[in-house]
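First the structure, in the form of structure tokens, and then the observations on it.
Proteins come first, then strands; the chains are lettered A, B, ... in the order of their sequence lines, and each starts at number 1.
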2 protein chains.
Amino acid sequence: MGKSSRLSHSDVQRESGKQQVMDTIRAAGSIARIDISTATRVSPATVTAITAELIDVGLISEIVPDTPRQDAKRGRPRVALKIRGDAHRIAGIKVSHRVISVVVLDFEGNNIVDHEMPLTQGRMPVDDLCKTIMTALGQACDKAGIDVGTISGMGVGMAGMMDAKRNFVYWSSSLDERNVDFGAHLSRHAPCPIFIDNDANLVAKAEHLFGKGRNVSDFVVITIEHGVGMGIVIDNKIYRGTRGCGAEFGHTKVQLEGALCQCGQRGCLEAYVGDYALLREANITNGGAGHRDLGQLVDAAKGGDQMARSIFDRAGRMFAMGLANVVNIFDPKLIILSGARLSFDYLYSDQVIEEMRRWVVQIDAPPPKVRVHNWGDLMWAKGAAAYAIEEVSALAIRELATSDT
Amino acid sequence: MGKSSRLSHSDVQRESGKQQVMDTIRAAGSIARIDISTATRVSPATVTAITAELIDVGLISEIVPDTPRQDAKRGRPRVALKIRGDAHRIAGIKVSHRVISVVVLDFEGNNIVDHEMPLTQGRMPVDDLCKTIMTALGQACDKAGIDVGTISGMGVGMAGMMDAKRNFVYWSSSLDERNVDFGAHLSRHAPCPIFIDNDANLVAKAEHLFGKGRNVSDFVVITIEHGVGMGIVIDNKIYRGTRGCGAEFGHTKVQLEGALCQCGQRGCLEAYVGDYALLREANITNGGAGHRDLGQLVDAAKGGDQMARSIFDRAGRMFAMGLANVVNIFDPKLIILSGARLSFDYLYSDQVIEEMRRWVVQIDAPPPKVRVHNWGDLMWAKGAAAYAIEEVSALAIRELATSDT
DNA sequence: TGATTTAATTTGAAATTCAAAAAAAATAAT
DNA sequence: ATTATTTTTTTTGAATTTCAAATTAAATCA
């Protein structure tokens, strides 16, 4: 054993010319053949051949120049190509505890419809969850007046540990069972291919395809919701680690024998920056004088309350330390702080980022860029859709090779 | 900018069939064609064609079965292939402060000769270092009675930050100048291709080719010498980060506002586990009663000295915390603790590893394996040679394609 | 000795890619 | 208005790589 692990997959993973061209067009939005050629180092002849085939099957199209003349240059004008939005409809679904969010995107990534469906229970049996997901998708489709059957791929994101390759869920807080072949179950209800992954990875996908990670080959995305998540992109691919649970940034240790975390361990980053951690501190120091929620605490800090401010100060410093560790280990080009909640402002402040930079090993090269991306709640569902778009794209191209001509 | 970064290199990097076959043979040591086929998923027909060519140019050879009968099985017996050791001679050179270590290996990785040359000064001008390196290599060759001109590739490892791809050194403690095109300088003195990289990366290479990382696609190597280094292998490739300084594991922070590190920052792991850190503590607590060296300190701890023991205890706990953070971020299959100095026993103890495991997020899947690899001092030089072997191999195969039939 | 099994090789065809030449579509110059 | 020039795209024919299927080779088993 082991013998086969060394190289066996590199062949499968290596992108065919078609894939490469397709990805380049998607990344660019719109791009002429000659630019595809220079970007991919594939010869113009081949680009012509490939794009002709892709146009033929309807995956991409030429853009007719509406402005008759562009920036005056000689020579045959370049004609740009783009993904055909109407080639496929893709759904992205994010399952969280209280709600299921759905988006339907066209193949270009444009929003067709989005929808939220409240959940009465966070944890449920496998088949219930499948049905619930399909109900949510059905409602979204009704809203847009489209048929569920016209959707050609569906990404599903949820918290927990899973093997994306096999659509297998080791554990998720949304399921009352461990080690479920969730892909197989959901397939029975869904009329299209399904792609399941950890939600942190999906946000990374979303940033890569649609967000601030576009055209960046290596970066890290950090998200804060209830917990602290991290997604890693290396060489344009999601890095998933060996156990498939994604990077557990929230449980990196920032203090020996430190604060108690909900995971049962001590000194986790999450135990300093998570909302429950902040509230815990606030309510202890508050002398039991009634619970405060996070909004109140933020207001208090902004209003100059020393106590509240010191709580956020420490959280910020711990967060900077955790970030610095990531940079010292990974040395990414870019860190994206991706979030839906404005209440985490204090962690995304310039001060925290400055502090992180000071803790990074100093060398001549500039420290990694940090960009804050404040998506709405749809971020997660869009990530799921982004994943599905990539996979459907790959599928379509593989089919191309198999069938006809 | 940016636009071309997305895919441009994937084409260059993707292994040709020949590379794949060559790598598989090297990783296996010896392997039959049919097994190469299954390992690489390349058809038997192609494997036959490729291996025929490789045999033709003398890079590999068939192994004649010395034992006439093997484990009794029917069918045509498989004939194993192996790298031809005499195809090339490769040098590996590690520059440290007090000594230059040299190894010369054959193409299979067998030791032909090793040699150490003391240095009178640790930091020197570029051309001096080039000459010194060539002198050391000359001495090694003399020792073995071989001609320097017969060496077909040379790997050089040194501490510091460098861009391996360009053989460019941003900074090294062995040079009195920054931003040196060291490859260009050394090329003027050397009769063969040169490959330069950070020493931590080279140890990772050594483990991958010759050590405990053989046949493992993703792992992390941690080395402790004066400082704490880390090398990362992802998908059979060295992960170098964007700034090319390798992973700065030694400067990850394990304590907010903690102990002062030689880098000037506070709370670095190195400031707790580095030898100078231990001695600093020992000598403070010693009440100024004469300096003790690390050996003495180790002996004292083993002899039951409470003070000494508590120093190692804390160092061990900090090390475990640092390791746990790497696991929580990276989730590698395997961690190799690679070292030349036995005095670091206390960091590589079962207790420390157990502690680390407890600090890793608990999931169903087993935690990463930890293996201690106690190489001699040659580890570093062998790493340099390993790198050169890989590169010369790639070169030879590229030439194959270029020249003749 | 022939049947069976497994490994390796041969052969012809398919797929992919590219260099070089040609064509297309624009502007600039005369 | 015509020709020259420039740049992009397409066509064409050839080289390379790879594989499926058939064949050959080398062993053991009956």
Residue closer to the 5' end of DNA chain D, Arg33(A) versus Ile50(B) (nearest nucleotide): Arg33(A)
For atom CD1 of Ile34(A) and atom C1' of dC18(C), their distance in whole Å: 14 Å
Arg74(A) CZ - dT3(D) C1' separation (whole Å): 12 Å
Distance-only polar pair, side chains of His208(A) and Asn236(A), donor-acceptor under 3.5 Å: yes
Separation of atom CD in Glu53(B) from atom C1' in dT18(D), rounded to whole Å: 14 Å
Contact nearer the 5' end of DNA chain C, comparing Arg76(A) with Thr46(A): Thr46(A)
Whole-Å distance separating the CZ atom of Arg78(A) from the P atom of dT27(C): 15 Å
dT9(C) OP1/OP2 closer than 4.0 Å to side-chain N/O of Thr48(B): yes
Separation of atom CD in Glu62(B) from atom C1' in dA26(D), rounded to whole Å: 13 Å
Distance test, side-chain N/O of Ser43(A) to OP1/OP2 of dC18(C), below 4.0 Å: yes
Which residue lies more 5' along DNA chain C, comparing Val47(A) with Gly75(A) via nearest heavy atoms: Val47(A)
Integer-rounded Å distance: dT27(C) P and Lys73(A) NZ: 12 Å
Between dT8(D) (C1') and Ile31(A) (CD1): distance, integer Å: 14 Å
Among dA8(C), dA20(C), dA27(D), the one nearest Val79(B) by side-chain distance: dA8(C)
Proximal nucleotide (of dT16(C), dT9(D), dC18(C)) relative to the Lys18(A) side chain: dT16(C)
Derivation of the side chain to side chain contact (heavy atoms under 4.5 Å, CB included) call for Val21(A) and Thr51(A): CA-CA 8 Å; Val21(A) 168; Thr51(A) 53; 4.1 Å; yes
Of Lys18(B), Met22(B), Glu53(B), the residue whose pairing with Leu59(B) passes side-chain contact (heavy atoms from CB on, under 4.5 Å): Met22(B)
With Phe107(B), the side-chain contact (heavy atoms from CB on, under 4.5 Å) member among Ile90(B), Ile60(B), Asp86(B): Ile90(B)
